[in-house]
Amino acid sequence: MRIATWNVNSVRARLESLLAWLEIRSPDVVCLQETKCLDERFPREELEGLGYQVAHHGQRAYNGVAILSRRSLEDVVRGIGDERFDSEARVIGAQIEDFLVLSVYAVNGVEVGHDRFDHKLRWFRALRDFLALRYPMNEKVVLCGDLNVTIDDRDVWDPQRWRERILCSTPEREALEGILALGFKDALRKFRQEGGVYTWWDYRLRGFERGWGLRIDHMLLSAPAFDACTGFEVDVEAREGKKPSDHAPVVATFGDPG
DNA sequence: ATGGTCGCGGAGCGA
């Protein structure tokens with residue numbers, strides 16, 4: 001079983017690249033973020049044509065999350081059951097065989113001290129409460145997505161430059177730590193301890209060409225999922241081509257590496 | 001400190 005997560009920055013703008021990537025990599029499950037469209041504009045038929053069942057939770061122009069699965073997709077949950085936050089489409093979950101999969105797009109927060117920064121911290125607390133209520137950690141829980149936070153300075157190309165700035169600040173890292181404290185572990189760190197693994201590069205700074213990256217897309221695993229995880233990679237090549245997303249896909253393998 | 005590039009939707013907002 002291979003599970004991927006990818007912030008595509010508009011599923012419609014990225015459809016050609018996404019379809020080509022799915023054909024080459026053929027993951028069993030794909031969590032998408034920033035689909036940026038209503039459900040009726042989601043390219044369902046094209047994805048079903050590649051053998052995927054589709055669950056989408058979208059809105060007009062912003063946000064939007066989806067789960068694609070070549071295996072049976074059941075018990076779809078949209079939102080976190082908190083009306084303070086569910087006007088923005090940021091969370092979708094589903095059961096896929098013995099995995100509980102979540103596709104999450106965290107609040108960005110703009111900058112430290114901004115109104116949206118405080119909103120981001122409150123949103124993380126609400127997400128934590130939702131997970132604590134609905135996701136038994138003795139199951140194989142796979143929380144995927146653009147969490148818009150670096151876990152520590154190994155996830156930052158220039159920690160001095162990014163010190164206490166958005167995506168890297170102590171309050172954000174503590175908010176993410178609140179999720180991890182439920183019992184999740186960072187899939188990457190089962191395999192690699194060194195820094196320099198990034199998933200996002202700013203379009204504006206021409207960050208990819210300069211190696212100016214951050215790791216803000218994560219796969220957080222419950223202990224049973226962590227134990228079952230046999231591989232992890234960031235597909236940096238997908239950030240290279242023409243008209244790329246600003247994020248690279250992350251792919252984890254569970255069970256037989258094949 | 002500032003600006004830079006995308007995508008949506010058709011001006012300005014969000015990232």
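Chain letters run A, B, ... following the sequence lines, proteins first and then strands; every chain starts at 1.
- Between B:dG3 and B:dG7, the two P atoms lie 22 Å apart (nearest whole Å).
- The gap from the P atom of B:dG9 to that of B:dC13 amounts to 16 Å, rounded to the nearest Å.
- Between A:Asp152 and A:Arg173 no salt bridge is recorded (no basic side-chain N to carboxylate O distance below 4.0 Å).
- Separating the C1' atom of B:dG4 from that of B:dA15 is a span of 13 Å, rounded to the nearest Å.
- As rounded to whole Å, 10 Å separates atom P of B:dT2 from atom CD of A:Glu111.
- Spacing of P atoms, B:dG14 relative to B:dG10, comes out at 15 Å, to the nearest Å.
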Please tabulate, one pair per line, all N/O donor-acceptor pairs under 3.5 Å involving side-chain atoms of residues 123-142 of chain A, not counting sequence neighbours.
{"unit_1": "A:Lys140", "atom_1": "NZ", "unit_2": "A:Asp98", "atom_2": "OD2", "d": "2.9"}

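- Residues in residues 220-241 of chain A take part in no ring pair (Phe, Tyr, Trp, His ring centres under 6.0 Å) pair, two or more places apart or across chains.
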Heavy-atom protein contacts under 4.0 Å, nucleotides 8-15 of chain B, coded B base, S sugar-phosphate only, - none: SSS--BSB
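- Here A:Glu40 pairs with nothing under the side-chain hydrogen bond (donor to acceptor under 3.5 Å, both in side chains) rule; sequence neighbours left out.
- For residues 236-254 of chain A, no pair satisfies salt bridge (Lys or Arg N to Asp or Glu O under 4.0 Å), with sequence neighbours left out.
- Residues that satisfy the side chain to side chain contact (heavy atoms under 4.5 Å, CB included) test with A:Ala66, not counting sequence neighbours, are A:Leu32, A:Thr35, A:Phe42, A:His56.
- When the P atom of B:dC6 is taken as reference, atom CZ of A:Phe208 falls 14 Å away, rounded to whole Å.
- Whole-Å rounding puts the A:Leu205 CG to B:dA1 P distance at 16 Å.
- A sub-4.0 Å separation between OP1 or OP2 of B:dC6 and a side-chain N or O of A:Arg206 is present.
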